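Accompanying notes for the structure given below.
Keep in mind that what you see is a predicted model, and the values were worked out from it rather than measured.
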Amino acid sequence: MASITIRDVRKTYAGGFEAIKGISLDIADGEMVVLVGPSGCGKSTLLRMIAGLEAISSGEIAIDGRVVNALEPSERDIAMVFQNYALYPHMTVRQNMSYGLKNRGMAAAEIERRIAAAASSLEIGSLLERKPRQLSGGQRQRVAMGRAIVREPKAFLFDEPLSNLDAKLRVQMRVEIRKLQRTLSTTSVYVTHDQMEAMTLADRLVVLNGGKIEQVGTPIELYERPATTFVAAFIGSPAMNLISAEALAVDAPGVSLAPNVSTIGIRPEDLNVADTLSSSMLGLAVDIGAIELVGAESYVHATTIGGVEIIFRTAGRSVMTIGSRVILQAGTGAVHFFDRHGRRVATPVGLS
């Protein structure tokens, strides 16, 4: 196990494109950190720089206190799990798991001990003599993880390992990855574009945007107190509703915002259909455009008088009809405030 320290790391490609723009991050020993963000935000590039698969333009990366900028991937004592499994097709599962250990000159008895332990924890003991073509996608991913585990590295690096699996298997595998990481207590850095995957796996989330860190914190911290409108819109499903001051002036003319507030945000679950409004509530008239029944709850898509699209959540089957108008309310304590730069306003005067 080991800590990972990243100091003002940058990556600039030929032609001047800067993919990583001065990122600094401390990852504690045994911590599971998830890098999340949209395509092109730099999360995979940052992971590859930690692994040594991508050269660093400037800055410093240290693993277990040792600067690794000039070290080859094989010298960094890390193990990486890829989305395409990267298994040798002509080798059995056992041979795939033992290959790296044999190359390091490890004793046969120790190799077998490690394979048996990893196979047991991943429940792939019955697959050891099969070849990759005889395995399902989920089984191949377990083998890829087993190959990483047997190395007993200082850190695990995961590059979107579940993206090739179907939705049901992704849920199952992310639970197993989290349980396994907690059991092994190995420092782990995990890359995904799936914010639900990120929320359920992470000790801490790192949200990236345009090669920079937008916010770092626990999943609940980012959900409840997003630092920017980007984080507010990216974390949470459905996304937070964002309403500009100009739109609010049309939709709620009796409401005024503090001068330092340009946008308000309201989570879908914090909006409720109102019979009457109290003075402590923000009220919006909306027209129902679509209703999505997702089982135990429904997501209702609506539009305000000023043309702002709103999503709110109701329990069970919605009794509302498309085309009808309802009044939504939200307690002022559930409203998030952002300035004209999209940054969270810490102490707004708020709504009045």
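Side chain of E110 to main chain of A107: no donor-acceptor pair is present (N/O by atom type, distance under 3.5 Å, no hydrogens or angles). For the pair R147 (side chain) and N96 (backbone), a donor-acceptor distance under 3.5 Å is absent. Checking side-chain atoms of S120 against main-chain N and O of A118 turns up no donor-acceptor pair under 3.5 Å. The main-chain N or O of I124 is never found under 3.5 Å from a side-chain atom of R142 such that the two would form a donor-acceptor pair. No side-chain donor-acceptor contact under 3.5 Å links D270 to the backbone of A330. Remark: the backbone N or O of G30 is paired with a side-chain donor or acceptor of T187 at under 3.5 angstrom. A donor-acceptor pair under 3.5 Å links the side-chain atoms of E31 to the main chain of A28, judged by distance alone.
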Derivation and outcome, side-chain contact (heavy atoms from CB on, under 4.5 Å), residues M145 and E176: CA-CA 11 Å; M145 289 171 59; E176 293 186 11; over 6 Å; no
Step-by-step salt bridge (Lys or Arg N to Asp or Glu O under 4.0 Å) determination, R313 to E292: CA-CA 10 Å; R313 191 166 68 185; E292 292 181 290; over 6 Å; no
Worked verdict on S3 versus D26 for side-chain contact (heavy atoms from CB on, under 4.5 Å): CA-CA 8 Å; S3 61; D26 292 313; over 6 Å; no
Step by step, would you call I56 with R10 a side-chain contact (heavy atoms from CB on, under 4.5 Å)? CA-CA 6 Å; I56 299 169; R10 297 175 182 271; over 6 Å; no
Please test D8 against K21 for salt bridge (Lys or Arg N to Asp or Glu O under 4.0 Å), starting from the C-alpha separation and ending with a verdict. CA-CA 8 Å; D8 195 25; K21 304 173 181 178; over 6 Å; no
Check the pair M97 / R114 against side-chain contact (heavy atoms from CB on, under 4.5 Å), numbers first and verdict last. CA-CA 9 Å; M97 293 173 68; R114 293 191 182 192; over 6 Å; no
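Residue F230 is not grouped with residue I311 when hydrophobic side chains (ILVMFWY) are merged at heavy-atom distances under 4.5 angstrom, including chains of intermediate members. No single ILVMFWY cluster, assembled from side-chain heavy atoms under 4.5 Å apart, contains both V33 and I235. The cluster map of Ile, Leu, Val, Met, Phe, Trp and Tyr, joined by side-chain heavy atoms under 4.5 Å apart, puts L35 and M49 in the same cluster. Cluster annotation: L328 is not connected to Y299 through the hydrophobic network of ILVMFWY side chains, with a link wherever side-chain heavy atoms come within less than 4.5 Å. Both V191 and I6 belong to a common hydrophobic cluster when Ile, Leu, Val, Met, Phe, Trp and Tyr are linked at side-chain heavy-atom distances under 4.5 angstrom.
For E269, the CD atom is densely surrounded, since the number of other residues' heavy atoms within 6.0 Å is greater than 12. Annotation for R113: atom CZ counts as buried by contact number, over 12 foreign heavy atoms lying within 6.0 Å. For E60, the CD atom sits in a packed shell: over 12 heavy atoms of surrounding residues, nucleotides or ligands are nearer than 6.0 Å. The 12-atom threshold is not exceeded at CZ of R225, counting heavy atoms of other residues, nucleotides or ligands nearer than 6.0 Å.
Within the model, atoms CZ of R76 and CD1 of I50 stand 9.5 Å from one another, a figure rounded to the nearest 0.5 Å. In this structure, M199 CE and D194 CG are separated by 11.5 Å, a value rounded to the nearest 0.5 Å. Rounding to the nearest 0.5 angstrom, the gap separating the CZ atom in F234 from the CG atom in L222 is 11.0 Å. Rounding to the nearest 0.5 angstrom, the gap separating the CZ atom in R170 from the CD1 atom in I177 is 12.0 Å. With values rounded to the nearest 0.5 angstrom, M320 atom CE is found 8.0 Å from S298 atom OG. Remark: R133 CZ to R140 CZ distance equals 10.0 Å, nearest 0.5 Å.
No side-chain heavy atom of M240 sits under 4.5 Å from any side-chain heavy atom of I266. At a threshold of 4.5 Å between non-hydrogen side-chain atoms, the residues R130 and L135 count as touching. I61 is not listed as a side-chain neighbour of V67, based on a closest heavy-atom distance of 4.5 Å or more. Within the 4.5 Å cutoff, no side-chain heavy atoms of E54 are placed close to those of L47. Within the 4.5 Å cutoff, no side-chain heavy atoms of N241 are placed close to those of I264. Between D159 and V81, the closest side-chain pair of non-hydrogen atoms is not below 4.5 Å. The shortest distance between side-chain heavy atoms of T303 and V286 does not fall below 4.5 Å. I149 is not listed as a side-chain neighbour of T186, based on a closest heavy-atom distance of 4.5 Å or more.
Summarising the geometry of I20 relative to G42, their closest heavy-atom pair is CD1-O, 3.3 Å, with the distance given to 0.1 Å. The minimum heavy-atom distance linking L157 with A51 is given by the pair CD1-CB, 3.5 Å. Taking each heavy atom of L282 and A252 in turn, the nearest pair found is CD1-CB, 4.3 Å.
In this structure, H90 and Y88 have perpendicular ring planes: the angle between them is above 60°, well past the 30° mark.
No hydrogens or angles considered: a donor-acceptor pair under 3.5 Å links the side chains of E214 and N209. Side chain to side chain, Q181 and R178 meet the donor-acceptor criterion of an N or O pair below 3.5 Å. In the model, E221 has no side-chain atom that pairs as donor or acceptor with a side-chain atom of Y223 under 3.5 Å. In this structure, a donor-acceptor pair under 3.5 Å is absent between the side chains of E309 and H301. Side-chain atoms of E197 and T192 form a donor-acceptor pair, as typed in the model, at a separation below 3.5 Å.
Within the cation-pi definition used here (under 6.0 Å to the ring centroid, within 45° of the axis), K102 does not qualify as a partner of Y99. Cation-pi check for R267 over F312 is not met; the charged atom does not lie both under 6.0 angstrom from the ring centroid and within 45 degrees of its normal.
Residues E18 and K11 are not paired through a salt bridge, judged by the lack of any N-O separation under 4.0 Å between the basic side chain and the carboxylate.
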